Amino acid sequence: MKIFKNIVILTGAGISAESGLATFRASNGLWNNHKVEDVATIEAFQKNPQYVHEFYNELKKELVKAKPNAAHLAITKLQNEYPADINIVTQNVDTLHEKAKSKNIYHVHGQINQAVCLNCGHILETFGDVDTETVCPNCQVAGMMKPNIVFFGENLLYMDKVDELLRSCDLFLSIGTSGVVFPAAAFVQTAKYYGALTYEFNLEPTSNNFYFDHHIMGKAGVTLPAFVDEMTASLKNGD
Ligand code: OAD
């Protein structure tokens, strides 16, 4: 295997499935049990903020308990042992990459342990409940905190940085994402256009699989550690 210098790893809900967290679009997934338009749009939040807060407070309780699995740990191993600039762009709002002690993590869809004040922009870090009464510790205004989750219709976070990373990477790995939510679904296209080798790790081929040079099918907790071993071995073998 070639030696890579700049690696971007895009992760989705599938990487956290083996940690016991529900994905979004599986038959028992979050979006099968809840309507996106009730809990994940800015209109829903404006109409019924308390309901939306309650949804994310409940989700937070689940996510807080979860532990990283072999796939998260394999990424940390790669970052520790492979001499490249390795960045993680995650669509996940859980903090399992952080718990696995990975670094260079960009939560483009936000993160569950944060709320953002719509009055002053302050980001509150909390694993406790946030509601319509919560006072912003920065501007002291009550009732303006929104879960720091990117709702449908909002811009993704860190996009300038992510775009720069996608244009300069020589290896792009996509792990456990269905590839149906844009713009993250188009990251592979950008990376490939600028010359990266692209891999998809999933249980099954996805709808945008056309842009992937390689498909590695199976549970990420199995396939990713094996792939990382192959990458680190290629350093020793000098191939
Ligand atoms: P999805 O639920 O759409 O897709 C999860 C993908 O993971 C599917 O393609 C599964 O086949 C795959 N998968 C499941 N278990 C796996 C495993 N053990 N190993 C490898 N792959 C596995 O989740 P996302 O693509 O992450 O947005 O969804 C994208 C966005 O849609 C989310 O970030 C969320 C949602 O609306 C926000 O919350 C802002």
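Since the structure is predicted, the reported quantities are computational estimates derived from the model, not experimental observations. Note that ligands are numbered from 1 as they come in the structure, with each ligand's atoms numbered from 1 the same way.
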**OP:** Would you check whether Gly179 has a nitrogen or oxygen atom less than 3.5 angstrom from a nitrogen or oxygen atom of ligand 1?
**Re:** no
**OP:** Evaluate whether atom NZ of Lys192 has more than 12 neighbouring non-hydrogen atoms of other residues, nucleotides or ligands under 6.0 angstrom away.
**Re:** yes
Subject >> Quiz item: cation-pi between Lys146 and Tyr56, 6.0 Å / 45° >> reply: no
Subject >> Shortest protein contact, atom 19 (N) of ligand 1 (heavy atom only) >> reply: Ala220 N, 2.9 Å
Subject >> Heavy-atom nearest neighbour in the protein, as seen from atom 3 (O) of ligand 1, with distance rounded to 0.1 Å >> reply: Ser178 OG, 2.5 Å
Original post:
Backbone or side chain, does any N or O of His109 fall under 3.5 Å from an N or O of ligand 1?
Top reply: yes
**OP:** Run the ring-centre check on Phe227 versus Tyr199 and record whether the distance is less than 6.0 Å.
**Re:** yes
Original post:
Any idea which atoms of ligand 1 are less than 4.0 Å away from a heavy-atom of Gly218?
Top reply: 19 (N), 20 (C)
Subject >> atom 26 (O) of ligand 1 - nearest protein heavy atom and its distance >> reply: Ala13 N, 2.8 Å
**OP:** Report yes if some N/O of Phe24 lies less than 3.5 Å from some N/O of ligand 1; otherwise report no.
**Re:** yes
Original post:
Between Arg25 and ligand 1, does any nitrogen or oxygen pair lie at a separation below 3.5 Å?
Top reply: yes
Original post:
Based purely on interatomic distance, does Glu18 place a nitrogen or oxygen under 3.5 Å from a nitrogen or oxygen of ligand 1?
Top reply: yes
Subject >> Proximal atoms of ligand 1 relative to Val150 (non-hydrogen, under 4.0 Å) >> reply: 39 (C)
Subject >> Per-atom contacts, ligand 1 versus Gln91 - under 4.0 Å to a heavy atom >> reply: 29 (C), 33 (O)
Original post:
If you measure from each heavy atom of Val181 to ligand 1, is any distance below 4.0 Å?
Top reply: yes
**OP:** Give the contacting part of Ala17 toward ligand 1: side chain, backbone, both or neither, where contact means a heavy-atom distance below 4.0 Å.
**Re:** side chain
Original post:
So, the side chain of Asp94 versus the backbone of Leu63: is there a donor-acceptor pair under 3.5 Å, distance only?
Top reply: no
Original post:
Can you tell me if Asn104 uses its side chain to pair, donor with acceptor, with the backbone of Ile86 under 3.5 Å?
Top reply: yes
Original post:
In terms of side-chain heavy atoms, does Glu18 have a donor or acceptor partner in Asn69 at a distance below 3.5 Å?
Top reply: no
**OP:** For His214 and Thr198, test the side chains for any donor-to-acceptor distance below 3.5 angstrom and give the result as yes or no.
**Re:** no
**OP:** Give the residue and atom name of whichever protein heavy atom lies nearest to atom 11 (O) of ligand 1, and the separation in Å to one decimal.
**Re:** Asn202 OD1, 2.6 Å
Original post:
Quick check: does any side chain N or O of His53 sit under 3.5 Å from a backbone N or O of Met145, one acting as donor and the other as acceptor?
Top reply: yes
Subject >> Top protein contact for atom 25 (O) of ligand 1, by heavy-atom distance >> reply: Thr177 OG1, 2.7 Å
Subject >> Numbered atoms and elements of ligand 1 in range of Gly12, under 4.0 angstrom, heavy atoms >> reply: 26 (O)
Original post:
With distance as the sole criterion, is a donor-acceptor pair present between the side chains of Thr206 and Glu200 under 3.5 Å?
Top reply: yes
Original post:
Looking at Phe152, which atoms of ligand 1 are within less than 4.0 Å of one of its heavy atoms?
Top reply: 36 (O)
Subject >> Centroid-centroid under 6.0 Å between His215 and Phe201 rings >> reply: no
Original post:
Non-hydrogen atoms of Phe151 versus ligand 1: any pair closer than 4.0 Å?
Top reply: no
Original post:
Hey, does Ala71 sit under 4.0 Å from ligand 1 if you only count heavy atoms?
Top reply: no
Subject >> Gln50 side chain vs Thr132 backbone, donor-acceptor pair below 3.5 Å >> reply: yes
Original post:
Considering only the protein, which heavy-atom contact is closest to atom 35 (C) of ligand 1, and what is its distance?
Top reply: Trp31 NE1, 3.5 Å
Subject >> Leu166 side chain reached by Tyr194 side chain, heavy atoms, under 4.5 Å >> reply: no
Subject >> Shortest protein contact, atom 5 (C) of ligand 1 (heavy atom only) >> reply: Gly176 O, 3.7 Å
Subject >> Residue and atom name of the nearest protein heavy atom (relative to atom 17 (C) of ligand 1), distance in Å to one decimal >> reply: Gly14 O, 3.4 Å
**OP:** With rounding to the nearest 0.5 Å, note down the distance linking CD1 in Ile216 to OG in Ser174.
**Re:** 11.5 Å
